[in-house]
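See structure below.
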Amino acid sequence: FDNGAFSEWQQAIKRGQEWFVRDDWSPYYRWLEPRLHGGRWAIIPDAPGAPSQLNDALLNDWPFAPELSAPVWHMDGPVSRLLRLCDRFPRVCMAWTGIGADRAVGCTAWFERMFEIAPEIGDRWQQIHHLRGVLVAREFLFASADASSGAQNGWRYDTAFDFGDRWAGRRAYLDRLERGHFPRAVRNRLQRNRLEAERRRSASSAGRPCDQPALELGLW
């Protein structure tokens, strides 16, 4: 279960606010209580764009057990916080909030940040769920990912000729998402973004004196 904090943050941005924090999450907690069973789990409320300390404070109000819970780590935050959350919870949600003009998961900036994060994660990949990350779920070793595409676009695949199965077209669409079957143009764009991020990373590394000992020696 998700709590809608990301959507509220997007609305706050449109109002000119850098971030938004809901004053009272108790209605969400009451709604969840009878539903958290049978392997279900819920995302702990967070405040995208807000300082890590404020997001840590929201964890203290969460009333459910760790195995029913998943905190959110925003990719612009310190990796040390991600590792602390992994120590405390069996599942942690990773969320991309965008950098500059690059906003979408899978953009060049996303890959650049992932190349920084990946070496720090070590053996914790099986704890990490990527929010809105179905497109990139196979780019790294994420345990799982989700997308809003089923809710937003699934209706396009419904048909009046359902032959007794109203949801057949929608389920087929979701199955394609789960298997990673995306249009060629989407796959090509993702690959270009990854290659560009690798190129920038290589160029940045090549510019560090410690990575060019032969060149340094030649200057003496």
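Keep in mind that what you see is a predicted model, and the values were worked out from it rather than measured. We number each residue from 1, following the sequence as shown.
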Assess whether salt bridge (charged side-chain N to carboxylate O under 4.0 Å, His left out) is satisfied between R199 and E196, documenting all intermediate values. CA-CA 5 Å; R199 186 193 66 77; E196 175 61 16; 2.6 Å; yes
Check: H74/D46 side-chain N/O donor and acceptor closer than 3.5 Å: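 Present: a donor and an acceptor within the cut-off.
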So which heavy atom on [X] is nearest to which on [Y], and how close?
X    : Y    : result
M75  : M94  : CG-CG, 3.5 Å
L131 : D146 : CD2-OD2, 3.3 Å
N55  : A47  : OD1-N, 2.7 Å
V72  : I44  : CG2-O, 4.1 Å
G106 : V136 : CA-CG1, 3.6 Å
Y29  : D61  : CE1-O, 3.7 Å

For F142, ring-ring contact (aromatic ring centres under 6.0 Å, His included) partners two or more places apart: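 Once residues adjacent in sequence are excluded, the partners of F142 under the ring-ring contact (aromatic ring centres under 6.0 Å, His included) criterion are W125, H130.
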Sorted by chain and residue number, the ring-ring contact (aromatic ring centres under 6.0 Å, His included) partners of W31 (sequence neighbours excluded) come out as F1
Should the heavy atoms of other residues, nucleotides or ligands under 6.0 Å from CD of E178 be counted, would the total exceed 12? no
Decide if atom CZ of R179 counts as having more than 12 heavy atoms of other residues, nucleotides or ligands within a radius under 6.0 Å.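 For R179, atom CZ is crowded (more than 12 foreign heavy atoms under 6.0 Å).
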Against the six-membered ring of F140, is R194 placed for a cation-pi contact (under 6.0 Å from the centre, within 45° of the normal)? yes
Think R113 forms a cation-pi with W96, using NZ or CZ under 6.0 Å from the six-ring centre and within 45 degrees of its axis?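 No, a cation-pi geometry is absent between R113 and W96.
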Do [X] and [Y] come close enough that some side-chain heavy atom pair is under 4.5 Å?
X    : Y    : result
I128 : I121 : yes
L83  : R124 : yes
C93  : P71  : no
E139 : V105 : no

Who are the side chain to side chain contact (heavy atoms under 4.5 Å, CB included) partners of N193, not counting sequence neighbours?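 For N193, the residues satisfying side chain to side chain contact (heavy atoms under 4.5 Å, CB included) (neighbours in sequence not counted) are T108, F111, R189.
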Any Lys/Arg nitrogen of [X] or [Y] sitting under 4.0 Å from an Asp/Glu carboxylate oxygen of the other?
X    : Y    : result
R30  : E33  : no
D56  : R88  : no
R200 : E112 : yes

Nearest 0.5 Å please: distance from the [atom1] atom of [X] over to the [atom2] atom of [Y].
X    : Y    : atom1 : atom2 : result
L32  : H37  : CG    : NE2   : 11.0 Å
I43  : S69  : CD1   : OG    : 11.0 Å
R176 : R171 : CZ    : CZ    : 12.5 Å

In the single-linkage hydrophobic clustering (I, L, V, M, F, W, Y; side-chain heavy atoms under 4.5 Å), do W73 and L141 co-cluster?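 Yes; tracing contacts between hydrophobic side chains, which count when under 4.5 Å, links both residues.
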Cluster overlap L174 with V134, hydrophobic side-chain contacts below 4.5 Å: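 Linked, L174 and V134 end up in one cluster.
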Does [Y] offer a backbone N or O that forms a donor-acceptor pair with the side chain of [X] under 3.5 Å?
X    : Y    : answer
E67  : P90  : no
R187 : F182 : yes
W41  : R91  : no

Just say parallel, tilted or perpendicular for the rings of Y28 and W62, cut-offs at 30° and 60°.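 Y28 vs W62 ring planes: tilted.
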